[in-house]
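Step one of this worksheet: look at the structure below.
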Amino acid sequence: MRHLLEIDDLTPGELEHLCELALAPPESLGAPLAGRGVACVFTKPSARTRNSTEMAVVQLGGHPVYITNDEVGIDTRESAEDVGRTLACYHATICARVHDHRVLERMAALDLVPVVNLLSDAGHPLQAIADVITIRAELGSVKDRVVAYVGDANNVARSLALAVGYLGGEMRITSPPGYGFSATDADRLAAAGVPLVVAERPEDALRAADVVYTDTWTSMGQEAEREQRLRAFEGFSVDERLMGLAPAAIFLHCLPAHRGEEVAASVIDGGRSRVWPQAANRLASIRAVLAWLHQGS
Ligand code: CP
Ligand code: NVA
């Protein structure tokens, strides 16, 4: 039984294989989910992840069921384990977006059906797969490319660092004091064989970068910290001046974006932005993962 809670649940070779599957014509993947359901559990809002997941299930011949936490009440109405056992009675896979990553781990530990992380406080692996597909499509390969991540060392950054490192790229990150990767994060990256370059200032991270990437300064669930974070991240906005330090770089952002905060409108809406192909690649990413999990099943 395989689960995808974070990129390091895969080997680098499996990530390569998922990229190939993602780039394959959808019809070549067949209908491995024919007559089967996929539970799509969301305890937080979503535009890209919900729509791409539901449409990927349809393209693979299955039926997605969108489920909010108001209905299933994870650990309030019943335990995460009982929610997992229930959904496994009807569905071939449980895909879930949760606040607490441990909920995914508890459902996966049942080993009843594959569990896929649709974003947790810890990681966002489907986003990272879409990101590396986008870099490959735009720049030819991830190998030896420099991805400069400016901002919060959050769920998106963790998965991105693993995916870029697995494919032979260099992840550089620059964050304000207190918002960088923890020692635990650094240990996990090291255990995965992924080198990480930490730069103190955005100016140092961006030189000769091939990709400039940022994400919101305030993730879902951190709203109470918004004012404090706005102050802490001053100087970390990706604007024309910073992009000028990486004259050949494309710009990526997982979205949703906050123009005037982590990115200037002129950058995200400008000629070097590839955020819409990146968003489109979310469909190829989840389709590849579901096809891989259900090949031959
Ligand atoms: N990037 C991403 O996961 O977007 P949503 O929150 O809209 O799904
Ligand atoms: N880091 C953001 C990503 C949203 C797709 C969050 O967790 O809210």
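Whatever order the structure lists them in is the order used to number ligands and atoms, beginning at 1. Values below: every heavy atom of this structure, side chains too, minus hydrogens, waters and symmetry copies.
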Evaluate side chain to side chain donor-acceptor pair (under 3.5 Å) for H3 paired with N117, printing each intermediate quantity in order. CA-CA 9 Å; H3 305 283; N117 180 3; over 6 Å; no
Please report the C-alpha distance between E261 and R226 in whole Å, then the side-chain angles of each, then the deciding distance to 0.1 Å, and finally whether the salt bridge (charged side-chain N to carboxylate O under 4.0 Å, His left out) criterion is met. CA-CA 11 Å; E261 294 183 17; R226 180 174 150 76; 2.9 Å; yes
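Looking only at protein heavy atoms, the nearest one to atom 3 (C) of ligand 2 is D215 OD2, 3.6 Å. Annotation: atom 7 (O) of ligand 2 to nearest protein heavy atom, N155 ND2, 2.8 Å. Atom 4 (C) of ligand 2 has its closest protein heavy atom at L119 CD1, 3.8 Å.
Between R97 and ligand 2, a contact under 3.5 Å exists for no N or O pair. For the pair R50 and ligand 1, the shortest N or O to N or O distance does not fall below 3.5 Å. For ligand 1, the polar-atom distance check against C254 finds a nitrogen or oxygen pair separated by under 3.5 Å.
Proximity to Q127 (heavy-atom distance under 4.0 Å) selects the following atoms of ligand 1: 1 (N), 2 (C). Taking every heavy atom of A47 and a limit of under 4.0 angstrom, the matching atoms of ligand 1 come to 5 (P), 7 (O), 8 (O).
For R97, the closest heavy-atom approach to ligand 1 falls below 4.0 Å. For H124, the closest heavy-atom approach to ligand 1 falls below 4.0 Å. Every heavy atom of T218 sits 4.0 Å or more from the atoms of ligand 2. Look at L255 and you'll find a heavy atom under 4.0 Å from some atom of ligand 1.
In this structure, a donor-acceptor pair under 3.5 Å is present between the side chains of H253 and E262.
Remark: R50 qualifies as a cation-pi partner of Y66 under the 6.0 Å distance and 45° angle criteria applied to the six-membered ring.
Of the candidates H124, M220, Q222, H253, M220 brings a heavy atom nearest to atom 8 (O) of ligand 2.
Checked for salt-bridge contact, D9 and R2 miss the test: no charged N lies under 4.0 Å from a carboxylate O.
Of the options K44, H101, R97, a side chain to side chain donor-acceptor pair (under 3.5 Å) to S120 is made by H101 and by none of the others.
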